[in-house]
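Remarks on the structure that follows.
Chain A is the first sequence line, chain B the second, and so forth, proteins listed ahead of strands; every chain is numbered from 1.
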Amino acid sequence: MTVSIIGTGQSPYTRHPAPGTDTAQVIARAVRNALADAGLEPADVDGFAVSSFTLGPDHAIDLAWRMGLRLTWLMQDTNGGASAGGMLQHAVRAIEAGDARVIVLAAGDLMDAAAFSRLVARYNRATEDHLAPLPMNGPNALFAMLTTRQMEALGLSREDYGRIAVTQRQWAADNPAAVYRKALTLEEYLDAPTVATPLGRYDCVPPVTGGDAVVLVADRGSGTPRARVLSVRASYNADQQAGDGLATGLRGCARAGWEDAGIGPAEVGLACVYDDYPAMVVAQLADLGVQPPDEDPAGFIERRIATRSLPVNTSGGQLSAGQAGAAAGMHGLVEAARQLMGRAGARQISARHAVVSGYGMVLYRYGACATMSVLEAAA
Amino acid sequence: MSAIIQACLGCETLLFPARLFCPRCGQEDFAPFSAEHGIVEQTTRLAGGTVLATLAIEGGPRVIARLTGGDAAPGQRLPLTNDPNAASGVHAYIPVHPNVNEDKP
Ligand SMILES: [Zn+2]
């Protein structure tokens, strides 16, 4: 059996949520929009999964109740940037096993300055005990040092990372839902205020409030524009945080992910990779094999990404659209499905296959979770 | 001057932050271990001037520290401390709970 995405929805991303906005409302808006996109009603849904950092004290069942959903399958995922892939992996199996027929996956957060400060101070125990008291407020410093390692290992410069940020901003110009759409020049990127050397402002994602959702069903056959899920793979704690963080868990699951999909990385026409920092775009494209192993990374960025001959993060990615907490993991899945379903508006590309990756949960020095999925356009 | 990390009593693997089972041998018996020095691998200077560093402990884990009492370059060997107000000279400060082994009965 094949499982397909037949609808996507977002709750508008905003840097400054209106007073009184709460996480449950934000997620519910994304769910409502995804159901409308799929032509379905809440009563059609029998499976629901959610990921959120700020939903508490509510959980998945509270949301289901408040949205009036009667369910035979329910889950909550806590893996942040990798949560969409984790939920997708479970949901595909649930539909295949007959546990549910129509599953909505949702993620969202109210991520204003206060919520962001609370999140990064108590992200996990290691952070609370050993990083926050340094003091360190969020992961920028960790990814600054990871970027330095990558620059040395791959011979990359600030300009190379800048080309990724500038190109994603070009894509964002055609995404009305992105919070930053004004053209960014390489000079502006290089001259931006330093956050943590070597990272500047445009290497770091803007936290936003927002939500994302997709609707999954068993494949209905022709007549419905959809994004078929060809494969989903996940990796958790692949290296015990004992490495340099330059390889993500994708390196270990990519081979199986492509084998399951029946295509190779050269065949994808769109890559939506988790872009919390440009260095992680580089790392994931390499781990997935989308950047051929024999190709020079700087040359690949210049020839394929910056020219947009290989579309990467066509929504503008988190770097331009914004990082909506745990919804950041769902962001690329929503964009890839929209592109494959022909619903990407002015930024529509023509691609038959897309790869989506998730990455996240910094345990101590870098992210420990990674997911990949390969999608195919069908109608 | 030193910083407390965790040593596995089964295989002597040095760990930080503290684990529940040893990732190498699977045992759950640990003892505190005083690590005295680390080699600076990378540093980053934050907008406010704070300098954080990744250091490799010889035969042990990499740790994240704040440099106190001055600056340091990659390759430099620095004393480690759990005291943010360490004595004069450049130190690598690693915040830690008083007892890294507190999960042990
Ligand atoms: Zn051991």
Side-chain angles (χ1 to χ4, degrees), chain A residues 120-153 156 158 192-204 236-246 277 279 361-368, chain B residues 3-6 8 13-26 40-57 59-68 71 73-75 80-85 91-103:
Chain A
V120 299
R122 302 204 59 202
Y123 197 66
N124 64 0
R125 184 156 176 180
T127 300
E128 190 176 28
D129 289 354
H130 307 305
L131 296 176
L134 279 166
M136 179 190 291
N137 305 309
N140 289 335
L142 297 173
F143 284 91
M145 292 191 279
L146 189 154
T147 298
T148 297
R149 292 194 286 278
Q150 190 184 64
M151 291 170 84
E152 290 170 1
L156 292 175
R158 291 264 298 140
T194 297
V195 171
T197 55
L199 302 183
R201 174 179 294 163
Y202 298 112
D203 292 298
C204 304
Y236 302 108
N237 193 33
D239 73 352
Q240 306 279 357
Q241 297 280 293
D244 55 19
L246 300 185
Y277 301 89
M361 303 316 286
V362 175
L363 299 187
Y364 180 54
R365 294 174 49 236
Y366 47 82
Chain B
I4 302 299
I5 61 172
Q6 185 190 41
C8 172
T13 293
L14 298 177
L15 298 160
F16 190 85
R19 311 295 162 87
L20 301 166
F21 299 163
C22 173
R24 181 152 171 255
C25 75
V40 176
E41 292 194 334
Q42 294 86 32
T43 63
T44 180
R45 181 176 297 276
L46 308 187
T50 300
V51 178
L52 302 178
T54 301
L55 296 97
I57 293 174
R62 292 186 173 93
V63 294
I64 307 295
R66 171 162 59 88
L67 300 189
T68 64
D71 220 334
L80 305 176
T81 178
N82 296 136
D83 177 4
N85 306 304
H91 287 77
Y93 160 59
I94 301 167
V96 69
H97 260 279
N99 181 358
V100 295
N101 232 13
E102 64 190 322
D103 283 327

When you compare the side chain of B:R66 with that of A:P135, does any pair of heavy atoms fall below 4.5 Å?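 The answer is yes; the side chains approach within 4.5 Å.
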Hey, are the side chains of B:I64 and A:R365 touching, using non-hydrogen atoms and a 4.5 Å cut-off? yes
Report the option among A:T148, A:T194, A:V195 that has the most heavy-atom pairs separated by less than 4.5 Å from atoms of chain B.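 The answer is A:V195.
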Return yes when atom [atom1] of [X] has more than 12 non-hydrogen atoms of other residues, nucleotides or ligands closer than 6.0 Å, and no otherwise.
{"X": "B:F21", "atom1": "CZ", "value": "no"}
{"X": "A:R201", "atom1": "CZ", "value": "no"}
{"X": "B:R24", "atom1": "CZ", "value": "no"}

Would you compute the distance between atom CD of B:Q42 and atom CG of A:L142 and round it to the nearest 0.5 angstrom?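 B:Q42 atom CD to A:L142 atom CG measures 11.0 Å (nearest 0.5 Å).
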Distance, nearest 0.5 Å, that separates CD of A:Q240 from OG1 of B:T13: 10.5 Å
Proximal component of A:A141, with respect to chain B [non-hydrogen, under 4.5 Å]: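 The answer is both parts of A:A141.
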Atom group of B:V63 that falls short of 4.5 Å from chain A, counting heavy atoms: both
Just say parallel, tilted or perpendicular for the rings of B:F16 and A:H130, cut-offs at 30° and 60°.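 Answer is tilted, since the angle falls between 30° and 60°.
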At their closest point, which heavy atom of [X] faces which heavy atom of [Y], and how far apart are they?
{"X": "A:L134", "Y": "B:Y93", "result": "CD2-O, 3.6 Å"}
{"X": "B:L46", "Y": "A:A196", "result": "CD2-CB, 3.5 Å"}
{"X": "B:T44", "Y": "A:T197", "result": "OG1-O, 2.6 Å"}

Could you list the residues that satisfy side chain to side chain contact (heavy atoms under 4.5 Å, CB included) with B:E41, not counting sequence neighbours?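 With neighbours one apart ignored, the set is B:T54, B:A56, B:R62.
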side-chain contact (heavy atoms from CB on, under 4.5 Å) between B:L52 and A:M136, worked out: CA-CA 9 Å; B:L52 302 178; A:M136 179 190 291; 3.6 Å; yes
Quick check on the interface: out of B:P74, B:A53, B:A65, who has the most heavy-atom pairs with chain A under 4.5 Å?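 If we count pairs closer than 4.5 Å to chain A, B:A53 comes out on top.
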